[in-house]
Engineer: 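Have a look at this one.
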Amino acid sequence: MSDGAARTTYLLVDGENLDATLGSSILGGRPTPDQRPRWERVLAFAEQVWSQPVRPLFFLNASSGFMPMSFVQALLAIGFTPVPLSGEAHEKVVDIGIKRMLDAIAERGGDVLLGSHDGDFAPELERLVADDRQVGLLAFREFTSSALTALDLSVYDLEHDVGAFNVQLPRLRIIPLAEFDPLRYL
């Protein structure tokens, strides 16, 4: 990879994975609008983390022939490029699309922030880490695949590091003593 050109961070968001984890594993149901991530904060975090330009891509499963147009328009308004993919019922279209994008980045150059918990991306991320790229993960730490946490990459918690939410989520997580706030329990 050439060091002379300005580096780019590719922010790849696995919308399906993050939404499913938030809804099923954290909230126990469909998130309300107040409980959803503020994607403009995620983008701002991505711009700050390595102080370089960001190319934000939000992958969506559009296999049903439907796109949530109000959400897509909101993504466009804050600077994301939606990537609505479709495929056969048995295909994990978002995963396949992100894996292909990671392979393309490996060939061209750039750093990666991936919003996902999915261990299926470990081989592609491992290749990028081995190529001396900056590679990070945006996720809820406690739900991140061990295949990803075993890699030498930075993990940023969407709630606590990124500040992507307007409300405190009902999460049970290990609290580093330096972050412990006894007032939260009174």
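Just so you know, these numbers use all the heavy atoms, side chains as well, and skip hydrogens, waters and symmetry mates. What you are looking at is a predicted structure, and each value in this text was computed from that prediction instead of being measured.
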Engineer: Any non-hydrogen side-chain atom of Q134 less than 4.5 Å from a side-chain atom of L113?
Structural biologist: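 Sidechains of L113 and Q134: no contact.
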
Engineer: Can you give me the closest heavy-atom contact between A164 and V42, atom names plus distance?
Structural biologist: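 In terms of heavy atoms, the two residues are closest at CB-CG2, 3.8 Å.
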
Engineer: First locate atom CZ of R108, then atom OG1 of T8, and finally report the distance between them rounded to the nearest 0.5 Å.
Structural biologist: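 That separation rounds to 9.0 Å.
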
Engineer: To the nearest 0.5 Å, how far apart are CG in L169 and CD in Q35?
Structural biologist: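 Going from the CG atom of L169 to the CD atom of Q35 covers 7.0 Å.
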
Engineer: Side chains of residues 148-156: which donor-acceptor pairs under 3.5 Å do they make with residues two or more places apart or in other chains?
Structural biologist:
unit_1, atom_1, unit_2, atom_2, d
T149, OG1, S146, O, 3.3

Engineer: Under the side chain to side chain contact (heavy atoms under 4.5 Å, CB included) criterion, do L12 and F58 qualify, and how do the steps go?
Structural biologist: CA-CA 6 Å; L12 310 179; F58 198 106; over 6 Å; no

Engineer: How long is the gap from CG on D161 to CZ on R141, to the nearest 0.5 Å?
Structural biologist: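 These two atoms lie 4.5 Å from each other.
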
Engineer: Please assess R127 against E124 for the test side chain to side chain contact (heavy atoms under 4.5 Å, CB included), listing each intermediate value before the final yes or no.
Structural biologist: CA-CA 5 Å; R127 178 179 175 196; E124 292 80 12; 5.7 Å; no

Engineer: Side chains of Y10 and L114, heavy atoms from C-beta outward: is any pair under 4.5 Å?
Structural biologist: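 No; the side chains remain at least 4.5 Å from each other.
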
Engineer: Checking side-chain contact (heavy atoms from CB on, under 4.5 Å) between V135 and each of I105, L125, D111, which is the one that passes?
Structural biologist: L125

Engineer: Among residues at least two apart in sequence or on other chains, which ones pass ring-ring contact (aromatic ring centres under 6.0 Å, His included) with F66?
Structural biologist: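 Once residues adjacent in sequence are excluded, F66 has no partner under the ring-ring contact (aromatic ring centres under 6.0 Å, His included) criterion.
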
Engineer: In this structure, would V54 and L137 fall into the same cluster of hydrophobic residues linked by side-chain contacts under 4.5 Å?
Structural biologist: no

Engineer: Will you find, in the side chains of D34 and T32, an N or O donor that is under 3.5 Å from an N or O acceptor?
Structural biologist: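 There is no such pair (donor and acceptor under 3.5 Å, judged by atom type) between the side chains of D34 and T32.
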
Engineer: Using the side chain to side chain contact (heavy atoms under 4.5 Å, CB included) criterion, which residues pair with S70? Sequence neighbours excluded.
Structural biologist: none

Engineer: Please tell me if the side chains of D14 and F121 come closer than 4.5 Å, counting only heavy atoms from C-beta onward.
Structural biologist: yes

Engineer: In the single-linkage hydrophobic clustering (I, L, V, M, F, W, Y; side-chain heavy atoms under 4.5 Å), do L128 and L11 co-cluster?
Structural biologist: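 No: no chain of side-chain contacts under 4.5 Å links L128 to L11.
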
Engineer: Any chance you could measure F80, atom CZ, to F59, atom CZ, to the nearest 0.5 Å?
Structural biologist: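 F80 CZ to F59 CZ: 11.5 Å, rounded to 0.5 Å.
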
Engineer: Please answer whether the main-chain N or O of E88 pairs with a side-chain N or O of E91 as donor and acceptor at a distance below 3.5 Å.
Structural biologist: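 Flag set: sc E91 to bb E88 pair under 3.5 Å.
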
Engineer: Step by step, work out the side chain to side chain contact (heavy atoms under 4.5 Å, CB included) result for N17 and V94.
Structural biologist: CA-CA 9 Å; N17 179 273; V94 169; over 6 Å; no

Engineer: Taking atom CZ of R30 as the centre, does the number of heavy atoms from other residues, nucleotides or ligands within less than 6.0 Å exceed 12?
Structural biologist: no

Engineer: Which residues satisfy the ring-ring contact (aromatic ring centres under 6.0 Å, His included) test with F140, sequence neighbours excluded?
Structural biologist: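 Once residues adjacent in sequence are excluded, the partners of F140 under the ring-ring contact (aromatic ring centres under 6.0 Å, His included) criterion are H117, F165.
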
Engineer: Atom CE of M67 and atom OG of S86: how far apart are they, to the nearest 0.5 Å?
Structural biologist: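 It is 10.5 Å, given to the nearest 0.5 Å.
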
Engineer: State which residues pass side chain to side chain contact (heavy atoms under 4.5 Å, CB included) with T81; sequence neighbours excluded, sorted by chain then number.
Structural biologist: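 Only R55, L57 meet the side chain to side chain contact (heavy atoms under 4.5 Å, CB included) criterion with T81.
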
Engineer: Check side chain to side chain contact (heavy atoms under 4.5 Å, CB included) between L183 and all other residues, then give those that pass, not counting sequence neighbours.
Structural biologist: D181, L186

Engineer: May I have the step-by-step check of side chain to side chain contact (heavy atoms under 4.5 Å, CB included) for L138 and V162, ending in yes or no?
Structural biologist: CA-CA 8 Å; L138 303 173; V162 178; 3.9 Å; yes

